[in-house]
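I have placed the structure first, in the form of structure tokens, so that the comments after it can refer back to it.
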Amino acid sequence: MSFPLLTATAALPALGAVATAAVPATRRVAAKWLALLVSLATLVLAAVVLVRFDPGGNRYQLTESHSWIKDFGVRYELGVDGIGVALVALTALLIPFVILAGWHDADPQETGNTRWRPTQGFFALILAVEAMVIISFEATDVFLFYIFFEAMLIPMYFLIGGFGDKAHEHGDEVAATQRSYAAVKFLLYNLVGGLIMLAAVIGLYVVAGNFSLQEIAQARANGSLHMATSTERWLFLGFFFAFAVKAPLWPLHTWLPNAMGEATAPVAVLITAVVDKVGTFAMLRFCLQLFPEASKWATPVILVLALISIVYGALVAVGQRDIKRLVAYASISHFGFIILGIFAMTSQGQSGATLYMVNHGISTAALMLVAGFLISRRGSRLIADYGGVQKVAPVLAGTFLIGGLATLSLPGLAPFVSEFLVLVGTFTRYPAVGVVATFGIVLAAIYTLVLYQRTMTGPVKAEVAEMPDLRVRELLVVAPLIALLIFLGVYPKPVTDIVNPAVQQTMSDVHKKDPQPEVEAAK
């Protein structure tokens, strides 16, 4: 029996979470180091998974399958395709940076909590989220996926509500109320989506007789499983609704600005760069693979919603006064691009969407974590409270600029490649949709450059005159992310080589081929 590598990749942070939570109250520093070491060990395991994955091999690799709830046909089934393995690697990569960036965010003097162990709890919750997200990317049993898709809400709820950002313009009491509101809103929105998905999961079992993604997809492909058109559409809508909430897609997006605004910067990164990717990933793995005809039926409406997300998110970001809420609305716009690429039903669009998930995770982590370092120094999230920072903290300002330029998809930085592929893939099938989507790029340039201008340039405000530059720990967080943005912007081939075969298989699932270019005959 081969070593269960996928199980180990998810089990290690889960066990690390338990061990971190059990560290004695007086050993806060030990809890931090334990969490960091566990996250680094998980990154090593994820790297082994990445190395052992063969892009030219079987669709699902490193598979594991064991009977779990036999009477209901539920199995413990894991496997990764090119899309899943890329997102497992992204998750494992970002968590050590999240832990390092939040090194002091849960100290008693920061949380004001001395009756329980906030430090141990904070880092244990981060590791728990990592474990649940990784197994969600690996699960090929629909019921198994659903369990962890929902379970990750619990640690995220406590991270948002129990460890919120103290930089609030209206004081600690109002900040606590706003944190509670954001945490409850996050939980309720996602629970409603999950309950609707549960009904669809049960309906799928009634129709198919099991929960195995591979078996159901194969039965649909060879014609041994037939779904009535109306049944397939209702099941698709149940799955898609839950994923659209998680993604988030307009108009189901409103929980995200509250959650990111009230959470600490590392937790905000955990939300948008890690957890939300489960929603867009699941659209590719479950919606398109299980319900191909319904996916094509719903495409026109989904493309319109994606366009609204792109333009609306960018427009609202332009008018934001709060740095973190600006990044949140920018992320809504970016998720619109990802969903646009998925449902453009072209290989370029879906490759771009998958690459966008990876690149957005890195770029948002870089920008939000630097913004968190900035906010912790000044004690304010308001853009108007800054000015002239580049004169007193040039390294901080420089990394903030690179993160911002990546957000607006500047050529030479990683998000440009993915956004270009999404737009090319969209133009080839839906030219009008592609034209409207390009307005998101223009608006991104506006909100990014205005943010930099108002915070970093101009006269030095008295409140930032003594602001220190990035420290060694903070540079260890930011420098590798900046390096990755530049490397993948210049040479994205390592990622595209992994995801492209999986994208071609997804295109085959929905029986779509890329449109052929129209070439005028030579006269």
Side-chain angles (χ1 to χ4, degrees), residues 13-14 17 21 91 95 98 102 105-106 111 113 116 118 121-136 139 143-166 168 173-201 238-283 324-325 327-329 331-332 335 368:
T91 302
I95 297 300
V98 168
D105 287 357
T111 62
N113 209 323
W116 57 290
F122 180 75
F123 293 105
L125 290 169
I126 290 175
L127 291 176
V129 172
E130 179 182 22
M132 294 175 186
V133 169
I134 286 176
I135 204 166
S136 296
F143 191 79
L144 178 67
F145 169 83
Y146 172 77
I147 288 174
F148 289 99
F149 180 82
E150 288 292 275
M152 69 180 70
L153 301 180
I154 304 305
M156 285 307 308
Y157 168 80
F158 287 109
L159 283 169
I160 296 168
F163 300 93
D165 192 350
K166 292 180 68 68
H168 201 287
E173 188 173 337
V174 175
T177 303
Q178 294 286 359
R179 284 200 303 273
S180 298
Y181 172 77
V184 170
K185 189 173 184 179
F186 162 82
L187 187 63
L188 289 179
Y189 266 66
N190 284 276
L191 277 178
V192 169
L195 288 173
I196 292 174
M197 181 183 169
L198 177 60
V201 169
F239 277 77
F240 181 80
F241 183 85
F243 303 152
V245 172
K246 184 84 80 180
L249 178 68
W250 184 94
L252 305 171
H253 67 285
T254 58
W255 63 267
L256 182 66
N258 294 103
M260 288 185 65
E262 301 305 325
T264 63
V267 173
V269 170
L270 199 61
I271 295 169
T272 191
V274 177
V275 171
D276 287 354
K277 298 299 187 301
V278 178
T280 47
F281 161 79
M283 291 179 190
K324 292 168 70 178
R325 289 178 70 90
V327 179
Y329 279 106
S331 290
I332 291 169
F335 276 105
M368 179 59 83

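One-based numbering along the sequence shown.
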query: Partners of L195 by side chain to side chain contact (heavy atoms under 4.5 Å, CB included), sequence neighbours excluded?
result: none
message: Let me confirm one number: the CZ-CG distance from F239 to L198, rounded to the nearest 0.5 Å.
response: 9.5 Å
- prompt: How many angstroms lie between atom CG of L191 and atom CZ of F186, to the nearest 0.5 angstrom?
  reply: 9.0 Å
Which donor-acceptor pairs under 3.5 Å do the side chains of residues 268-279 make with protein atoms, sequence neighbours left out?
from, atom 1, to, atom 2, distance (Å)
T272, OG1, S331, OG, 3.4
K277, NZ, T272, O, 2.9
K277, NZ, H360, ND1, 2.9

- prompt: Sequence neighbours excluded, which residues qualify as ring-ring contact (aromatic ring centres under 6.0 Å, His included) partners of F145?
  reply: F149, F286
field: Flag side-chain contact, heavy atom, 4.5 Å: M197 against V201
entry: yes
message: Between V192 and V245, is there a side-chain heavy-atom distance shorter than 4.5 Å?
response: no
query: What pair of heavy atoms forms the shortest contact from A17 to A128, and how long is it?
result: CB-N, 3.8 Å
task: Only counting residues at least two apart or in another chain, list the ones meeting ring-ring contact (aromatic ring centres under 6.0 Å, His included) with F281.
output: F137
task: Could you pull out the closest heavy-atom pair between M283 and A247, with the gap in Å?
output: CE-CB, 4.2 Å
- line: Output for pair (L256 CG, Y189 OH), nearest 0.5 Å, gives 11.5 Å
task: Apply side chain to side chain contact (heavy atoms under 4.5 Å, CB included) to N258 and Y181, showing your working.
output: CA-CA 8 Å; N258 294 103; Y181 172 77; 3.7 Å; yes
- line: CG (N190) and CD (E150) are apart, to the nearest 0.5 Å, by 7.5 Å
- prompt: Looking only at heavy atoms, which two atoms of W255 and P248 are closest? And how far apart?
  reply: NE1-CB, 3.9 Å
field: Where A14 and A131 come nearest, the two heavy atoms and their spacing
entry: N-CB, 3.6 Å
query: Does a side-chain heavy-atom distance below 4.5 Å link M152 with K246?
result: yes
message: Nearest 0.5 Å, please: how far is CE in M260 from CD1 in I160?
response: 10.5 Å
query: P266 versus D105: any side-chain heavy-atom pair under 4.5 Å?
result: yes
Residues that T280 engages under side chain to side chain donor-acceptor pair (under 3.5 Å), provided they are two or more places apart: none
message: Y157: which residues meet the side chain to side chain donor-acceptor pair (under 3.5 Å) condition with it, sequence neighbours left out?
response: none
task: Measure up the Y146 and F143 rings against each other and bin them: parallel (under 30°), tilted (30 to 60°), perpendicular (over 60°).
output: tilted
- prompt: Is the number of heavy atoms from other residues, nucleotides or ligands within 6.0 Å of CZ (F241) greater than 12?
  reply: yes
Nearest heavy atoms of G261 and R325, plus distance in Å: CA-CG, 4.4 Å
task: Heavy atoms only: give me the nearest G194-A242 pair and the separation to one decimal.
output: N-CB, 4.3 Å
